[in-house]
**Q** 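One structure follows; several queries about it will come next.
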Amino acid sequence: MNRRTFIKLSSLALAGILTQSCDSNSEKPNSQLYDISINSDMRAGHLLLNSTAMPAGNTFSTEYLVVGGGISGLSAACQLRDRDFVLCELSAQLGGTSSSESYAGEVFSQGAHYDLAYPNYYGDETLDFLEELGIIRYDNLVDSWNFVDRRYLIDVRREGQTLTSEGMREDILEPSQLRTEFLELLLPYLGEMRQPSRIIKEEFWTLDEISFLDFLERALRLNSSFKQGVDYQMRDDYGADAATVSALAGIHYYTCRPYYTQSVELFSPPEGNAYFVNRMEATLPGGRIKTSHLVKSVQKSESGFEVLVVNIENSRIDRYLAKNIIYAGGKHALKYVYPSDAHLFQDNIYAPWLVLNIVLKDDLQSDAFWQNELLGQDSTYMGFVDSASQFRATDARVFTAYYCFSPDQRPYLANIRRNAQEIARKTVGTINQFFDKDVVHLVEKVFFKVLGHAMPVPKPHYLFSDKNPHRSEPNLVYAGVDNSRLPLLFEALDSGIQAVKELDGL
């Protein structure tokens, strides 16, 4: 790889492209044009505004109404499967930030795309739930909960590679004396950083009061290259750099599983964590799941709650009378939906993400690595997953690229259609650096997924402050990782379980 090429491509910061005021296609009439499909969760505000003119629809009654069809909402619904419940999800498909897309017989992730084997010190309730779903089983030989479907495990020899201006290397954190000191600093916490985070011992809670960068700089002399790698990994799981996330979150990233003491199974189906979504959905009774249903407002009534729901497909507003509500949607929407409790979550900050699925018309016939990282000047770019390293139903090859933005860049994503072609070109050009062959003219279609509030950032003082004890109504409880949780799948599953237990304990 030519170093000059690396610097040129990696310096094309996507944030700069997003802020362009004109359509860049007109400036490059001879450049490659791609067939692009865009899906955005940022349309909810427009739907709320437009719904004022919609006619009234039908009235329904239910004992439980679940708001949101992501991991936490589905987890709650599974606990209610033998009861009278309805789940309402804004999107046409379930999953939230763990959704998937399909094209030409191939399915691929449009959000979270993997999970790892679970140590035995994780929470029993969620482990039991995953075992009940047939996803994991206990392995006495390694004292860990491993995945049942072995075909979706990633070959350790193909797990990842990192491209830097100096060339290719295996790990984001390059082996060095500093990395050794870094791991020595963190390893005493191995086994103590549990999931769900609510079961972490209180003696470690003070680590949530300072930033991860402050924690590290108290003991280590960090250089810019090493800090760049740590920041990259923090953004990858938490949506912000080491100066922004708490020390507990940072330590948890490296020590929640025994990454550096034993081999840990990496589980990544082509559809990503939508695999878990599909397994949960398959256990739920038909007719209870309402996709393309936007919860517009929740109001207290004499017998429970009156919930107005925009039926998007029929352009009408249905009315639900519910005795109990589990709110598993994004808490940033509470100011519109249920203002009484919006103040509980007013300090939450969310990282916006953009996901591009790049489908090739022909296979490259090249070596494949699962996660392909790039440490360049564009800090928003979080690498890409190569489906050729995964189990595939067809020979189609899909590159799934991820971008993580700061909250102040969210407004630019609302107008992403304006510069979609330029963003696609930039992303394909960046991916092109990982191959000896040119991939630019092999692209058949590009799918965009815009996640305006993809994950809550675990900044200092965010964890260990469950808002349910302070909610205004006992029969309305909150689930989701944006209720003082780390933005991880296990946390989302547990939050749904705990929400139902909270109601049952009344």
Side-chain angles (χ1 to χ4, degrees), residues 44 48 51 54 56-91 94 96 125 129 280-281 283-312 314 316-331 333-345 466-484 492-506:
L48 283 172
S51 67
M54 291 182 182
N58 299 319
T59 297
F60 305 93
S61 295
T62 185
E63 186 174 357
Y64 298 89
L65 190 143
V66 181
V67 180
I71 295 290
S72 58
L74 285 167
S75 174
C78 285
Q79 316 313 309
L80 301 169
R81 66 168 67 94
D82 296 325
R83 310 187 205 181
D84 177 23
F85 81 93
V86 171
L87 183 150
C88 293
E89 163 58 35
L90 159 66
S91 299
L94 299 171
E125 291 168 299
F129 177 44
M280 287 189 285
E281 183 185 10
T283 71
L284 298 174
R288 298 290 183 179
I289 306 300
K290 308 292 184 180
T291 55
S292 298
H293 279 61
L294 168 65
V295 173
K296 176 182 173 70
S297 68
V298 174
Q299 292 185 341
K300 188 74 177 73
S301 67
E302 290 185 3
S303 59
F305 300 92
E306 180 180 302
V307 185
L308 297 183
V309 179
V310 179
N311 186 324
I312 298 171
N314 295 329
R316 70 186 187 204
I317 298 180
D318 292 331
R319 179 170 167 258
Y320 285 79
L321 303 177
K323 294 181 181 179
N324 304 279
I325 292 178
I326 296 177
Y327 193 98
K331 309 309 180 290
L334 279 173
K335 59 184 177 182
Y336 306 110
V337 179
Y338 189 63
S340 298
D341 281 357
H343 68 281
L344 297 176
F345 302 91
D466 181 3
K467 303 304 187 293
N468 278 317
H470 310 288
R471 67 193 190 272
S472 60
E473 293 294 336
N475 292 88
L476 190 157
V477 300
Y478 295 100
V481 295
D482 54 354
N483 183 21
S484 304
L493 291 166
D494 179 73
S495 74
I497 296 171
Q498 299 309 313
V500 174
K501 287 184 65 177
E502 183 80 16
L503 287 176
D504 287 345
L506 293 178

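Computed from a prediction, not measured in an experiment: that's the story for all the values here.
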**Q** Considering only heavy atoms from C-beta outward, does the side chain of L321 approach that of V307 to under 4.5 Å?
**A**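 No, every pair of side-chain atoms sits at 4.5 Å or beyond.
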
**Q** Determine yes or no for a side-chain-to-main-chain donor-acceptor pair under 3.5 angstrom, with N314 supplying the side chain and R316 the backbone.
**A**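 No: the side chain of N314 does not pair with the backbone of R316.
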
**Q** Is any side-chain heavy atom of Y338 less than 4.5 Å from a side-chain heavy atom of E473?
**A** yes

**Q** Is the shortest heavy-atom distance from the side chain of C78 to the side chain of F129 under 4.5 Å?
**A** yes

**Q** Could you walk me through whether E502 and R471 satisfy the salt bridge (Lys or Arg N to Asp or Glu O under 4.0 Å) test, starting with their C-alpha distance in whole Å, then the side-chain angles of each, then the deciding distance to 0.1 Å, before giving a yes or no?
**A** CA-CA 12 Å; E502 183 80 16; R471 67 193 190 272; 3.0 Å; yes

**Q** In the structure I gave you, are the side-chain heavy atoms of F85 and I289 within less than 4.5 Å of one another anywhere?
**A** yes

**Q** Kindly list each side-chain donor-acceptor pair under 3.5 angstrom involving residues 322-330, sequence neighbours excluded, with atom names and distances?
**A**
{"unit_1": "N324", "atom_1": "OD1", "unit_2": "N475", "atom_2": "ND2", "d": "2.7"}
{"unit_1": "N324", "atom_1": "ND2", "unit_2": "E63", "atom_2": "O", "d": "3.2"}
{"unit_1": "Y327", "atom_1": "OH", "unit_2": "G330", "atom_2": "O", "d": "3.4"}

**Q** Between atom OG of S472 and atom CG of L344, what is the distance when rounded to the nearest 0.5 Å?
**A** 7.5 Å

**Q** Please test C88 against V67 for side chain to side chain contact (heavy atoms under 4.5 Å, CB included), starting from the C-alpha separation and ending with a verdict.
**A** CA-CA 5 Å; C88 293; V67 180; 6.0 Å; no

**Q** Give a yes or no on whether the backbone of G69 and the side-chain of E89 come within a donor-acceptor separation of less than 3.5 Å.
**A** yes

**Q** Mark yes or no for whether S495, through its side chain, and G480, through its backbone, hold a donor-acceptor pair below 3.5 Å.
**A** yes

**Q** May I ask you to check whether Y478 and D341 show a side-chain donor-acceptor distance below 3.5 Å?
**A**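 Yes, side-chain donor-acceptor contact under 3.5 Å.
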
**Q** Could you walk me through whether H293 and D318 pass the side chain to side chain contact (heavy atoms under 4.5 Å, CB included) test, one step at a time?
**A** CA-CA 9 Å; H293 279 61; D318 292 331; 4.3 Å; yes

**Q** Would you find a donor on one side and an acceptor on the other, under 3.5 Å apart, between the side chain of R288 and the backbone of V86?
**A** no

**Q** Quick one: does any side-chain atom of N483 pair with a main-chain N or O of K467 as donor and acceptor, under 3.5 Å?
**A** yes

**Q** Please check if the distance between the ring centroids of F305 and Y320 is under 6.0 Å.
**A** no

**Q** Give, for atom NZ of K335 and atom OG of S340, the distance between the pair rounded to the nearest 0.5 Å.
**A**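 So the NZ of K335 and the OG of S340 are separated by 15.5 Å.
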
**Q** Can you tell me if T62 uses its side chain to pair, donor with acceptor, with the backbone of L65 under 3.5 Å?
**A**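 Absent.
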
**Q** Does the distance from a Lys or Arg side-chain N to an Asp or Glu carboxylate O, for D504 and R83, drop under 4.0 Å?
**A**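 A salt bridge links D504 with R83.
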
**Q** Judged by atom type as modelled, is there a donor-acceptor pair below 3.5 Å linking the side chain of D482 to the main-chain atoms of K331?
**A** yes

**Q** Counting C-beta onward and ignoring hydrogens, is there a side-chain heavy-atom pair between V309 and K296 closer than 4.5 Å?
**A**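 No, their side chains stay 4.5 Å or more apart.
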
**Q** Using 0.5 Å steps for rounding, measure from the CG atom of D494 to the CD atom of Q498.
**A**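 Reported to 0.5 Å precision, the distance equals 4.5 Å.
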
**Q** Is any side-chain heavy atom of I312 closer than 4.5 Å to one of L90?
**A**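 SC-SC contact between L90 and I312 confirmed.
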
**Q** Calculate, to the nearest 0.5 Å, the distance between atoms CG and CG belonging to L74 and L284 respectively.
**A**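 One gets 6.5 Å once the value is rounded to the nearest 0.5 Å.
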
**Q** Can you tell if the side chain of I71 reaches within under 4.5 Å of the side chain of M280, non-hydrogen atoms only?
**A** yes

**Q** Within the 4.5 Å heavy-atom criterion, are I317 and R319 side-chain neighbours or not?
**A** no

**Q** Look at the side chain of S75 and the backbone N and O of L493, then say whether any donor-acceptor pair between them is shorter than 3.5 Å.
**A**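 Side chain of S75 to backbone of L493, a donor-acceptor pair under 3.5 Å: yes, one is there.
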
**Q** Is K300 atom NZ crowded by more than 12 heavy atoms from other residues, nucleotides or ligands, each under 6.0 Å away?
**A** yes

**Q** Side chain to side chain contact (heavy atoms under 4.5 Å, CB included), that's the test. Do L87 and L94 meet it? Break it down for me.
**A** CA-CA 10 Å; L87 183 150; L94 299 171; 4.2 Å; yes

